[in-house]
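To start, the structure under review is shown below, and the notes come after it.
Just so we're on the same page: letters track the sequence lines, and every chain starts at 1.
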Number of protein chains: 2
Amino acid sequence: MSTFPRKISDSTVRRSSLYLRVLEALELEGSDTVSSRVLAERVGATAAQVRKDLSLFGTFGTRGLGYEVTALRERLAEILGLSHEWPVALVGAGRIGSALFEYPNFRERGFQIVAILDSDPRKVGQSWDGIEIHSTRELERTIERLGVEIALLAVPASVAQGVADHLVESGVRGILNFAPTRLRVPPGVAVNEVDLALELETLSFVLEGGGRDGNPAPEDVAAGPEGESR
Amino acid sequence: MSTFPRKISDSTVRRSSLYLRVLEALELEGSDTVSSRVLAERVGATAAQVRKDLSLFGTFGTRGLGYEVTALRERLAEILGLSHEWPVALVGAGRIGSALFEYPNFRERGFQIVAILDSDPRKVGQSWDGIEIHSTRELERTIERLGVEIALLAVPASVAQGVADHLVESGVRGILNFAPTRLRVPPGVAVNEVDLALELETLSFVLEGGGRDGNPAPEDVAAGPEGESR
DNA sequence: ATTTGTGAACATGTTCACAGCT
DNA sequence: AGCTGTGAACATGTTCACAAAT
């Protein structure tokens, strides 16, 4: 439905997810409107950045007033594809898979794990919270039957590419990959890599002295804060 | 020891971690030298990018020949701070903490979990693989005693900031944060956020039609421009 | 008075293209 | 000839600053 003029940058999308969270919190706190400045403060960005980001999606604010919290929250959720549930497949029922399965934030945001797949015969047939673990031999059938378009890939690196190919063939268009391998996927398929060792390595690089400053100094910090929470 | 001329960008550091992995693989495969082109192919970057990245750290290559695999591997590991072990604390012994504890790639890369901390009295006193879970009341003592500088923060979002403050006070300078909250830390402390729900949201954004193309086409990939989705 | 929306200025990161070394 | 190292060109993302709206 909504297609946007330019290509929206990844950073804008990521920040928009954060805006959405803040808007949800503000709604609970009973705020009707919010300014770009306040939004910026809560996510650690600048007010100009917030306005620029939002302006890429359309015109939501009222000059002199700010943004209407509920309206913006709804619109952002829609833009991010969060106004409906996403059936998600979990592939790999090991330690990481298990942690992902239990991760409460997924379901809260509309990502429902509706299928679990594993190649280990000892795991196949088990149920987690009422969801049976299927063999990866039934991957295609399962994915198709449940209309899964997003998969959490938590298998060993050595088999990740093969499983990913299989997922794509079955109709999956988005993969969140936890295996430390760069996946090759055809155009039209989105992959996000979560590479934990790499994250630690960027920390050790900084600690070892690589970065000139370990923390880009929290900008202002001088201007008097006003959002007194209580 | 080694301090670099400019500030090295985050993207360069992340790619360098990938180069290091490829170099390790090449070493096992018995390659003596490697060109920027081959290195690039294996990590999904361009040859120019590889050369530029490496040149920020120094001059390692030989014109006409390429890079000596072992020498570059050693130097990169050193630069990334991986030439020695890092004692790491795991804070939060829930599902995610448990998965992190078992994650084999950490130890392989020199990150040793030497302490586990949790506030749940039922968990305190248990041992995982010989490592006793301590109360967060003993956080400072434990961190200091073991010389921990890097922490994995896997606690609920509601307490993450408080625990982070405590960690920093105790001497931690790098935090890998799994709680979906933006941590505020003083200058000199590095934080990496691993925000799983956010990763899924960037996928759903693309799938919903937000991005013009779900997959920025893996560079060259021979001739095959204008990838049309499915 | 306040706060948005946005072009223009700026900063940062990536690619090009080629001189220079082996 | 082959391949690196790098300035210059380019592309992308961020910040500034101000006109426009309420």
Side-chain angles (χ1 to χ4, degrees), chain A residues 4-16 18-19 23 26 31-41 43-69 71-72 75-76 202 211-213 216-220 223 226-227, chain B residues 4-16 18-19 23 26 31-41 43-69 71-72 75-76 202 211-213 216-220 225:
Chain A
F4 304 113
R6 327 181 187 187
K7 171 124 185 357
I8 305 293
S9 81
D10 192 58
S11 346
T12 292
V13 177
R14 300 180 99 83
R15 278 191 300 268
S16 298
L18 299 178
Y19 303 152
L23 289 164
L26 287 168
S31 308
D32 285 346
T33 60
V34 63
S35 67
S36 56
R37 188 175 50 74
V38 169
L39 216 35
E41 254 164 35
V43 306
T46 67
Q49 182 77 79
V50 171
R51 295 200 298 276
K52 182 70 97 181
D53 283 338
L54 294 178
S55 77
L56 297 175
F57 295 125
T59 297
F60 308 121
T62 311
R63 290 168 195 232
L65 239 184
Y67 301 89
E68 215 233 295
V69 171
L72 183 56
R75 191 72 189 91
L76 262 189
T202 70
R212 285 279 42 95
D213 185 11
E219 310 317 290
D220 51 326
E226 36 86 348
Chain B
F4 304 112
R6 331 180 184 186
K7 170 127 186 0
I8 304 291
S9 80
D10 193 57
S11 345
T12 292
V13 177
R14 300 179 98 84
R15 278 191 301 266
S16 299
L18 299 179
Y19 303 152
L23 289 164
L26 287 169
S31 308
D32 284 347
T33 60
V34 64
S35 67
S36 57
R37 188 176 50 75
V38 169
L39 217 34
E41 254 163 36
V43 306
T46 67
Q49 182 77 81
V50 171
R51 293 200 300 276
K52 182 70 101 182
D53 283 338
L54 294 178
S55 77
L56 297 175
F57 296 125
T59 298
F60 307 121
T62 311
R63 292 169 194 230
L65 240 185
Y67 301 89
E68 215 232 293
V69 171
L72 183 57
R75 192 73 189 90
L76 262 190
T202 71
R212 284 279 43 97
D213 185 12
E219 315 312 292
D220 51 321

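- Rounded to whole Å, atom C1' of D/dG13 lies 10 Å from atom CG of A/D53.
- When all heavy atoms are compared, the tightest approach of B/F60 to B/Y67 is C-CD2, 3.9 Å.
- Between B/Q49 and C/dT15 there is a side-chain N or O to OP1 or OP2 distance below 4.0 Å.
- Regarding contacts with the backbone of C/dT3, every side-chain N or O of A/S36 stays at 4.0 angstrom or more from both OP1 and OP2.
- For a distance-only test at 3.5 Å, the side chain of A/R63 qualifies as a donor-acceptor partner of the base of C/dT4.
- Out of D/dC3, D/dA8, C/dG5, the shortest distance to the side chain of B/K52 is found at D/dA8.
- Between A/R15 and D/dT14, a side-chain N or O to OP1/OP2 separation shorter than 4.0 Å is present.
- Taking CD of B/E41 as the reference point, atom OG of B/S35 lies at 7.5 Å (rounded to 0.5 Å).
- Spacing between atom OH of B/Y67 and atom C1' of D/dC3 amounts to 9 Å, rounded to whole angstrom units.
- Residue B/I8 contributes atom CD1, which lies 14 Å from atom P of C/dT12 at whole-angstrom precision.
- Atom CG of A/L76 is separated from atom OH of A/Y19 by 9.0 Å, given to the nearest 0.5 angstrom.
- Whole-Å rounding puts the A/F60 CZ to C/dG5 P distance at 9 Å.
- Protein atom CG of A/L56 is 11 Å distant from nucleotide atom P of C/dG7, rounded to whole Å.
- In this structure, A/F57 places its CZ atom 13 Å from P of C/dG5, rounding to the nearest Å.
- Considering all non-hydrogen atoms of both residues, A/R15 and A/D53 come closest at NE-OD2, 2.6 Å.
- A distance of 4.5 Å separates CG in A/L23 from CG in A/L72, rounded to the nearest 0.5 Å.
- Distance from the side chain of B/S9 is smallest to C/dG13 among C/dG5, C/dC16, C/dG13.
- What separates CG of B/L39 from C1' of D/dT4 is a distance of 13 Å, to the nearest Å.
- Listed pair B/T46 / C/dT15 meets the phosphate criterion, a side-chain N or O lying under 4.0 Å from OP1 or OP2.
- Nearest-nucleotide positions on DNA chain D place B/T62 closer to the 5' end than the other of B/T62 and A/R51.
- Residue B/D10 contributes atom CG, which lies 15 Å from atom P of D/dG13 at whole-angstrom precision.
- B/T12 comes within 4.0 angstrom of nothing in the nucleic acid, heavy atoms only.
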